[in-house]
Structures are given as C-alpha cells and as structure tokens.
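Working notes for the structure below.
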Amino acid sequence: MAMGRDSGNKIVGISLLLLVCLYHANAANHVVGDSQGWGFSVSYDSWTNGKTFIAGDTLVFNYQQGVHNVVPVSAAGYRSCKTSSNSKAGTSGNDKFTLKKGSNYFICSIPGHCSAGMKVLVVAN
C-alpha cells in the first residue's frame, strides 16, 4: 500500500510533536537558593556552582511576597543593579522563568537588595 502525501505529513507532524514533548519532559526545574529560596541568606554565585542548566529549564524564585521581587535584566542591568523601563518584575513570591541559551541575568529591584547580593547569573547550554 503506497503512502499518500497526507499520510507522510501526518507522520512528520506526529514525529515533531513527540520530539517537542520529549524535550519538555527533560526540562528541569531549579529552585533558586534551594530550600532557602530567593533572599539574603544565599550566595547565588556559589548556588550555581556545580549545577547544569539547559535552555528550556525553569528557574523558580520562591520568596516572601511584598519583601522581594525578581526581574530578568541585561548584563549591564546585572552589573549596575538597574532595570530598564520595559522590565517586568515578578512579584508573586513564586515566579518562574524559562532559561534561554546563554547568559540569563536576574536581580531583585527593591532598593539596596541587588547591591547586597540578590542577583544571579545562570548560563544555560
């Protein structure tokens, strides 16, 4: 029995769907600061050491709502502890961000928090 064009397209479509599902099934969740969460009690440079991050993984920021926040920023924003005018802060106390390939920068934008160490750089392969 010969396969028609429609059957071939369906097989390709199903194959792609399976690959996407497998990719997402392998994505990991990383709780920033582990059990201590997002706050002043963790050295985030040390927290990333020894961990493997892959594009598509999720960072979970757990913190006391109203006390902290989390903002994805550029490298310059990370270095200067400043957000841009179009930055959107996560404020729920349980914020999730999907990692992109390369450097991913996050800070707490509450005045004084970033300069006190509430910033993290995660490099995803």
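FYI, the numbering just counts along the sequence from 1.
Using modelled atom types, one side-chain atom of Asp57 and one backbone atom of Ala28 make a donor-acceptor pair closer than 3.5 Å. Although no hydrogens or angles enter the test, the distance criterion places no donor-acceptor pair under 3.5 Å between the side chain of Lys101 and the main chain of Ala55. At least one donor-acceptor pair under 3.5 Å links the side chain of Asn104 to the backbone N or O of Gly102.
In the hydrophobic cluster analysis, where Ile, Leu, Val, Met, Phe, Trp and Tyr join through side-chain heavy atoms closer than 4.5 angstrom, Tyr44 is grouped together with Val70. Val32 is connected to Val42 through a chain of hydrophobic side-chain contacts under 4.5 Å among Ile, Leu, Val, Met, Phe, Trp and Tyr, so both are in one cluster. Linking Ile, Leu, Val, Met, Phe, Trp and Tyr whenever their side-chain heavy atoms come within less than 4.5 Å leaves Val73 and Val122 in two separate clusters. If you chain together hydrophobic residues whose side chains sit under 4.5 Å apart, Leu99 and Phe97 fall into the same group.
The nearest pair of heavy atoms linking Pro72 to Lys88 is CD-O, 3.7 Å. A pairwise comparison of heavy atoms in Ala89 and Val71 identifies CB-CG2, 3.5 Å as the closest pair. Among all heavy-atom pairs drawn from Asp45 and Tyr78, the shortest one is OD1-OH, 4.0 Å. Nearest heavy-atom pair across Thr83 and Ser109 is CG2-CB, 3.9 Å. Closest heavy-atom contact between Ser103 and Val123: OG-CG2, 4.0 Å. Residues Asn69 and Trp38 share a closest heavy-atom pair of O-NE1, 2.8 Å.
Between the NE2 atom of His30 and the CD1 atom of Ile54 there is a distance of 7.5 Å, given to the nearest 0.5 Å. Note that NZ of Lys96 is 7.5 Å distant from CG of Asn29, once rounded to the nearest 0.5 Å. With rounding to the nearest 0.5 angstrom, the CZ atom of Phe106 is 5.0 Å from the CZ atom of Phe61.
In this structure, Ile110 stands alone, with no Ile, Leu, Val, Met, Phe, Trp or Tyr side-chain heavy atom under 4.5 Å from its own, directly or through other members.
The closest side-chain heavy-atom distance from Tyr63 to Asp95 is below 4.5 Å. Val120 is listed as a side-chain neighbour of Thr48, based on a closest heavy-atom distance under 4.5 Å.
Among residues at least two apart or in separate chains, salt bridge (Lys or Arg N to Asp or Glu O under 4.0 Å) pairs with a member in residues 27-39 are Asp34-Lys51.
Between His68 and Phe40, the two ring planes are perpendicular [angle over 60°; tilted spans 30° to 60°]. Classified by interplanar angle (parallel below 30°, tilted 30° to 60°, perpendicular above 60°), the ring pair Trp47/Phe53 is tilted.
For the two cysteine residues Cys114 and Cys108, the thiol sulfurs sit 2.5 Å or further apart.
With Ile107 as the partner, the side-chain contact (heavy atoms from CB on, under 4.5 Å) test is satisfied by one option alone out of Lys82, Lys119, Met118: Lys119.
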